Asks: 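Structure in structure tokens, see below.
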Amino acid sequence: VQLQASGGGLVQAGGSLRLSCAASGRTGSLYTMGWFRQAPGKEREFVVARRWSGGSTYYADSVKGRFTISGDNAKNTVYLQMNSLKPEDTAVYYCAESRRSLIASSTPNSNEYDYWGQGTLVTVSS
């Protein structure tokens, strides 16, 4: 599976962006898709994950109520809608796919994901 993330850019605080993650080469079902981010000088952190079978979604507290994950099965694309952006949201955002239906406690663990996109940079100015 190859993942291609796109949609990053420069936005003012309070603005919105929608990131896309297009998948190719998948021959089976989508189990769990997540988004992570890495700010300059910091470790990669969990943002959100969705278990496609059952639809359970898990958000990091820092983005809850502002970010929404969704998908278009026909396009093999997952989206991350980001609203009310803050300067602290500035980071490179990565989409990731797991071949398993992850439970809540496993979704923040990057080692649980098998495929990663290349990342797209989001910069939020104050």
Side-chain angles (χ1 to χ4, degrees):
V1 177
Q2 291 80 45
L3 302 177
Q4 181 74 36
S6 62
L10 175 64
V11 63
Q12 288 188 333
S16 299
L17 277 177
R18 188 178 77 160
L19 306 183
S20 299
C21 179
S24 60
R26 185 188 302 126
T27 57
S29 300
L30 172 59
Y31 290 98
T32 304
M33 183 68 79
W35 288 91
F36 290 74
R37 66 186 182 186
Q38 187 167 17
K42 295 187 177 181
E43 294 186 353
R44 188 174 298 186
E45 67 172 357
F46 170 76
V47 176
V48 60
R50 180 174 177 177
R51 192 173 65 197
W52 242 254
S53 175
S56 297
T57 306
Y58 312 99
Y59 291 93
D61 288 342
S62 58
V63 306
K64 200 171 294 182
R66 301 188 296 122
F67 291 11
T68 304
I69 187 172
S70 64
D72 185 331
N73 290 335
K75 296 182 178 180
N76 281 327
T77 301
V78 173
Y79 303 101
L80 181 64
Q81 178 67 42
M82 306 185 296
N83 299 327
S84 302
L85 283 162
K86 306 174 181 180
E88 51 263 43
D89 294 318
T90 294
V92 176
Y93 284 72
Y94 300 89
C95 55
E97 181 175 339
S98 175
R99 292 176 293 185
R100 297 165 294 282
S101 291
L102 300 181
I103 59 175
S105 59
S106 295
T107 55
N109 184 351
S110 61
N111 292 326
E112 294 285 352
Y113 295 83
D114 304 288
Y115 310 105
W116 290 82
Q118 84 288 1
T120 184
L121 176 63
V122 172
T123 304
V124 185
S125 63
S126 57

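Atom set for the values below is all heavy atoms of this structure, side chains included, hydrogens, waters and symmetry mates excluded. Please read these numbers as outputs of a predicted model, since none were measured by experiment.
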Asks: Ignoring hydrogens and angles, tell me if any N or O in the side chain of S98 forms a donor-acceptor pair with the backbone of E112 under 3.5 Å.
Replies: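 Present.
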
Asks: Which heavy atom in L3 sits nearest to a heavy atom in A23, and how many Å separate them?
Replies: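 So the minimum-distance heavy-atom pair works out to CD2-CB, 3.6 Å.
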
Asks: How long is the gap from OG1 on T68 to CG on N83, to the nearest 0.5 Å?
Replies: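 Atom-to-atom, T68:OG1 and N83:CG are 6.5 Å apart.
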
Asks: Consider only side-chain heavy atoms of I, L, V, M, F, W and Y, link residues closer than 4.5 Å, and tell whether I69 and L102 are in one cluster.
Replies: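 Not linked; separate clusters.
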
Asks: Do R26 and W52 form a cation-pi contact, if we require the NZ or CZ to be under 6.0 Å from the six-membered ring centre and within 45 degrees of the ring's axis?
Replies: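 Not flagged: R26 not positioned over aromatic ring of W52.
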
Asks: Could you grab the distance from atom CG of N111 to atom OG of S106, nearest 0.5 Å is fine?
Replies: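 N111 CG to S106 OG: 11.0 Å, rounded to 0.5 Å.
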
Asks: Would you compute the distance between atom CH2 of W116 and atom OG of S110 and round it to the nearest 0.5 angstrom?
Replies: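 Going from the CH2 atom of W116 to the OG atom of S110 covers 5.0 Å.
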
Asks: Do Y115 and R99 come within less than 4.5 Å of each other through their side chains, counting heavy atoms only?
Replies: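 Yes; the side chains approach each other to less than 4.5 Å.
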
Asks: Using the rule that Ile, Leu, Val, Met, Phe, Trp and Tyr join whenever any side-chain heavy atoms are under 4.5 Å apart, tell me whether Y94 and F46 fall into a single cluster.
Replies: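 Cluster IDs for Y94 and F46 match.
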
Asks: Please lay out, stage by stage, how Y93 and R37 fare under the test side-chain hydrogen bond (donor to acceptor under 3.5 Å, both in side chains).
Replies: CA-CA 4 Å; Y93 284 72; R37 66 186 182 186; 2.9 Å; yes

Asks: To the nearest 0.5 Å, what is the distance between CD (Q38) and CD (E43)?
Replies: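 Q38 atom CD to E43 atom CD measures 8.0 Å (nearest 0.5 Å).
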
Asks: Decide whether V92 and V47 are clustered together by the hydrophobic rule: side chain heavy atoms of Ile, Leu, Val, Met, Phe, Trp, Tyr closer than 4.5 Å, transitively.
Replies: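 V92 does not cluster with V47.
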
Asks: L17 and L85: which non-hydrogen atoms are nearest, and at how many Å?
Replies: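 That would be N-CD1, 3.9 Å.
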
Asks: When you measure from the side chain of Q118 to the backbone of Q4, do you find a donor-acceptor pair of N or O atoms at a distance under 3.5 Å?
Replies: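 It does not hold such a pair.
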
Asks: Show the nearest heavy-atom pair for residues S101 and R51, with the distance to one decimal.
Replies: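 In this case the closest contact between S101 and R51 is CB-CD, 3.5 Å.
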
Asks: If you define the side chain from C-beta out and look only at heavy atoms, does anything of W35 sit under 4.5 Å from L80?
Replies: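 When only atoms from C-beta onward are counted, L80 and W35 do touch, with a gap below 4.5 Å.
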
Asks: Would D89 and K86 pass as an ion pair if we require N to O under 4.0 Å?
Replies: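 No, D89 and K86 are not salt-bridged.
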
Asks: Closest heavy-atom contact between S84 and S16?
Replies: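 Looking at all heavy atoms of both residues, the shortest contact is N-OG, 4.3 Å.
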
Asks: For Y113 together with F36, are the ring centres under 6.0 Å from each other?
Replies: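 Here the rings of Y113 and F36 have centres that are less than 6.0 Å from each other.
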
Asks: Ignoring hydrogens, what is the shortest heavy-atom contact between T107 and Y58? Give both atom names and the distance.
Replies: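 Taking every non-hydrogen atom into account, CG2-CD1, 3.6 Å.
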
Asks: Would you compute the distance between atom CZ of R100 and atom OH of Y31 and round it to the nearest 0.5 angstrom?
Replies: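 Separation between the atoms: 11.0 Å.
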
Asks: Would you compute the distance between atom OG1 of T77 and atom CE of M33 and round it to the nearest 0.5 angstrom?
Replies: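 These two atoms lie 9.0 Å from each other.
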
Asks: Restricting to non-hydrogen atoms, name the atom on T90 and the atom on A39 that form the minimum distance, rounded to 0.1 Å.
Replies: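 Looking at all heavy atoms of both residues, the closest pair is O-CB, 3.5 Å.
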
